[in-house]
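Report on one structure; see the data block that follows.
Please read these numbers as outputs of a predicted model, since none were measured by experiment. Read the numbers this way: they start at 1 and go in the same order the structure lists the ligands and their atoms. Each residue takes its place number in the sequence, starting with 1.
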Amino acid sequence: MFKKPVNKTSGSSSVRIVPLGGLDEIGKNITAIEYNNEIVVIDCGIAFPDDSMLGVDVVIPDFTYLKKNKNKIKGVVITHGHEDHIGGLPYLLKEINVPIYGSKLAIGLVENKLREHKIINTVKRNSVKPGSIIKLGGMKVEFIRTTHSIADAFAIAIHTPEGVVLHSGDFKVDYTPIHGDMIDLHRFAELGKKGVLAFLCESTNVERAGYTKSESTIGPTFEDIFIKSRDSRIMIATFASNIDRVQQVITQAHKNNRKVAVVGRSMVNVVKIASELGYLNVPKGIMVEISEVQKMKPEEVVVIMTGSQGEPMAALSRMANGSHRQLEVIPGDTIVLSSTPIPGNESSVNTVINELIRRGADVVLEDTHVSGHACREEIKLLHSLVKPKYFVPVHGEFRHLKAHAELAQELGMNRKNIFVSTIGDVIEVSKDKARKAKSVEAGRVLVDGLGVGDVGNVVLRDRKHLSEDGLIVAVVTVDSKNNKIVGKPELVSRGFVYVKESEELLREAKDVVNKAIEGLDKNRIKEWSYVKNEVKDKLSDYLWRKTKRSPMILPIIVEV
Ligand SMILES: [Zn+2]
Ligand SMILES: [Zn+2]
């Protein structure tokens, strides 16, 4: 099937597995598979910033390794259209222009991003069907159908002369998916029978016993809600990407003669793309504009919206705090949260729920969500079918990867053949051996507005400082010809104290600056750093004594 590579620069013909994101962390999944100086990249996602990353919009993988090996990259293959797998693509494709391959839906969602980043015309996009095999350099890439919380999710098998590297993507074993066929367990078994060299398998729900329920179990819950709330307005918040969930809402709305309004930018985008591409079945005339909702009777409409994670800018949170321009909660509204909070979001979700109830809404949380990820028994099923020689747990924090390694051992794998790794690790596998090789550069790059990577630790430290104690600007005017200070210093403060109630404190602070200036060594007035440091030290001592706060102090010297 394959010719053995002739020109081996690395001196061995092993396959290199290089996870660059998604291990020992949540999100920004990306893995490079390398063979004979050629690279195929699997996914390129984003992560959301944690509380320490003040003002940061998204977090993307560090692409240094890929940039250094730019010429080896044959393409990016996409497992599915979730943000933690496709969100980073525009940033990567701006640096390295290679073709991308994925399901029609995933490509449709990526195209939307490429358009926003104005690179739609330069990137080659290819839709692939489940079961198809493409050739990327000397590697063959096969897309295997799985089931997940978005339609057309794939596992990816990379066929190399050394053997098959199989990446599970995100999956659950759903025998009754809403859209499309069930997971192709046959193909996993076939590959397993022929022999899989290395298996990379997702670990999200590895700590949960049993099986994940099918997406279609949500239908009856929605049906009940529609019956119980037949006289009230129904609003359902979920992830924009969960198209199958949106479908189930639309189906119930249709059955109950209700119109549907979609609210929230990402939700509107995804619904538009999914219905154009045939992933959503939308009965004619059922959709209404959000502006019409307030005019309609409660029993005539269902609203589908974003914000189920308590995101402050999303539709649901705005409604909860009364700042949504077009939608207002009215007593008697039934509001369904069709998702569980992602760890870290619990308290904001809780705040939103309290506010909605305070405004008279009936909030429904029970049985309104199922996970898109496999629990232990489903993960075991896949392992048993695939029977890999080597195993690398992926898509999870360290505890998940570790638990997944233990699960593989329970199933009889040798510990030596399991590689619990972190990003930047390199695992070299060949027919008869595997080892960790020298690691490569990997990490995170913060995106704030249009700036990619310009917000680092120093900027974050300053933002944290400002957010905790505020800022004082001290303006000092220097007559540089005569080496002396002119006039009185000026102080401006923001976020430190309420100026009107702290006149006395600020007056004294000014005196402190004045004294600091008077005490300066006259011969050193031209040394600005000296003047600045003196002002800063004296002022900060004084403020700490008086308030036990340390605002950021910014001395500014004006030369006349
Ligand atoms: Zn996913
Ligand atoms: Zn994922």
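- Under the rule for a side chain to side chain donor-acceptor pair (under 3.5 Å), Tyr211 has no partner lying at least two apart in sequence or in another chain.
- By the 4.0 Å N-to-carboxylate-O rule, Asp174 lies too far from Lys213 to be salt-bridged with it.
- For Thr238 (side chain) and Ser338 (main-chain N/O), a donor-acceptor pair under 3.5 Å exists by modelled atom type.
- For the Zn ion (ligand 1), the count of nearby protein N/O/S atoms, taking only those under 2.8 Å, is 4.
- Restricting His395 to its N, O or S atoms, the one at the least distance from the Zn ion (ligand 2) is NE2.
- Residues that satisfy the side chain to side chain donor-acceptor pair (under 3.5 Å) test with Lys28, not counting sequence neighbours, are Glu25.
- Scanning for salt bridge (Lys or Arg N to Asp or Glu O under 4.0 Å) contacts around Lys72 gives Glu34, with sequence neighbours left out.
- Electrostatic pairing of Glu116 and Lys113 does not count as a salt bridge here, judged by no charged N lying under 4.0 Å from a carboxylate O.
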